[in-house]
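Working notes, structure below.
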Amino acid sequence: MTSSSSLAIQAHQLSKRYGSHTVVQNVSFELPAGETLVLLGPSGCGKTTLLRMLNRLVEPDAGYVAIHGQDVRTQPVADLRRGIGYVIQQVGLLPHYTVAENVGVVPRLLGQEASQVAARTEELLRRLHLPPERYGGQYPHQLSGGQQQRVGLARALAANPPIILLDEPFGALDPITRASIRREFRELEELRRKTVVLVTHDVTEAFELADRIMLLNAGQVQQLGTPRELLFRPANNFVRSFFEAEKLSLQLRTLRLTDVLAYTPTESNMPITTHYKSEYNILPPTVTIQQSIELLSTLSAKHEGPGEEAVVWVEADNSNADRALTSLSLPQLMAAFGRALQQVQTP
Ligand SMILES: Nc1ncnc2c1ncn2[C@@H]1O[C@H](COP(=O)(O)OP(=O)(O)OP(=O)(O)O)[C@@H](O)[C@H]1O
């Protein structure tokens, strides 16, 4: 059990109706500080409405929200929103403000000193791969969609709120930009420490970013759990069929090396000296199968010669201390993945 003081967000029996149409129905969840919850579901299922109830952009008809243990109705809205960053798909940058001015807008409103605002702005732009000397003085229309999205994120992070709400933040981007921004986003240390609620209808995005996923349909929670639980222990047919089309790709992103190690050959049948071995292909067991396949493919393209096969080396996790390093080639990895899948899918 998590104590209520370490809970960043508690939503209790939230409901919202527009006319006769119930768009959110009896939704409850608790989100510990530092977790990322993804709200997923088909268009119109109520994700945005639910998200906007958290910072009181929408008032529920029934139920309540508590932030850090305090009922949001008992605090001034301005105070509440100061602690909650908000990023939307349309970005909403101020067109006549430069990039630096856009990022600094909230800290300035909070009365922070100009030098402090400038330092924070520079730091964030640099972290989001927008060198301030090049981009700080530009205007939003001079940036690409992906760059604007990063400025929107920098602006939401500027005042260092402990909670960030993101509504389809990558929705307007092409698939390639989208995938690369998502990777940057995942690796951003600043965000890892925060409590994040993210709305998307993109299943891969949900699986890559979520600690837990709430799958909604017609305003009702279908399942709330880890990506692994939704994929391998679907609560009903809606959940099962929602992931069906992308099942293999999700399995590759959900299972990790640690899940397949037990199904690998106990001894490598190739002499170690024939392998190209460097710090780059020694992997911790937490790496996903998808990432391992990508690395093995790159290594194969670079290093494979006659009689050689590219391998990665997997560090033993604690439960496997007798095997310090296990070597895995692509065929071995795929075979082990297949066997692990059979196990995990057996009820
Ligand atoms: N202010 C409003 N007035 C009337 N109906 C609304 C209002 N806001 C949302 N709705 C309706 O509520 C339902 C849920 O909308 P919501 O935007 O929460 O869904 P969503 O899951 O975020 O959808 P999408 O993925 O398409 O953005 C929709 O049918 C929408 O038309």
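Atoms within a ligand are numbered from 1 in the order they appear, just like the ligands themselves.
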ask   = Can you tell me how far CD of Gln149 sits from CG of Leu93, rounded to the nearest 0.5 angstrom?
value = 8.5 Å
Using a 3.5 Å cut-off on N or O atoms only, is [X] in polar contact with ligand 1?
{"X": "Lys47", "answer": "yes"}
{"X": "Leu50", "answer": "no"}
{"X": "Ser43", "answer": "yes"}

request  = Flag atom 17 (O) of ligand 1 as yes if some protein heavy-atom distance to it falls below 4.0 Å, otherwise no.
outcome  =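 Given the 4.0 Å limit, the answer for atom 17 (O) of ligand 1 is yes, a protein heavy atom qualifies.
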ask   = Under 4.0 Å from atom 4 (C) of ligand 1, is there any protein heavy atom?
value =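 Yes, there is a protein heavy atom closer to it than 4.0 Å.
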inquiry  = Looking only at the aromatic ring of each residue, does the gap between the centers of Phe243 and Phe207 stay below 6.0 angstrom?
reply    =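 That pair passes the under 6.0 Å test.
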query = Quick one: does His21 get within less than 4.0 Å of ligand 1, heavy atoms only?
reply = yes
request  = Measure the distances from the heavy atoms of Gly44 to every atom of ligand 1 and state whether one is below 4.0 angstrom.
outcome  = yes
Should [X] and [Y] count as an ion pair when the cut-off is N to O under 4.0 Å?
{"X": "Asp61", "Y": "Arg17", "result": "no"}
{"X": "Glu123", "Y": "Arg126", "result": "no"}
{"X": "Asp259", "Y": "Arg339", "result": "no"}

key: Atoms of ligand 1, numbered as shown, that sit under 4.0 Å from any heavy atom of Thr49   =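 Every atom of ligand 1 under 4.0 Å from some heavy atom of Thr49: 15 (O), 16 (P), 18 (O).
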Shortest protein heavy-atom distance from [atom], along with the residue and atom involved:
{"atom": "atom 9 (C) of ligand 1", "value": "Tyr18 CE1, 3.6 Å"}
{"atom": "atom 27 (O) of ligand 1", "value": "Thr48 OG1, 4.0 Å"}
{"atom": "atom 19 (O) of ligand 1", "value": "Gly46 N, 3.3 Å"}

inquiry  = What I want to check is whether the side chains of Gln147 and His129 have a donor and an acceptor closer together than 3.5 Å.
reply    = no
query = Which bit of Val23 gets closer than 4.0 Å to ligand 1, counting heavy atoms only: side chain, backbone, both or neither?
reply = side chain
inquiry  = Show the nearest heavy-atom pair for residues Leu230 and Leu224, with the distance to one decimal.
reply    =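 Of all heavy-atom pairs spanning Leu230 and Leu224, the closest is CD1-C, 4.3 Å.
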request  = Determine which pairs satisfy salt bridge (charged side-chain N to carboxylate O under 4.0 Å, His left out) with at least one residue from residues 92-101, sequence neighbours left out, and list them in order.
outcome  = none
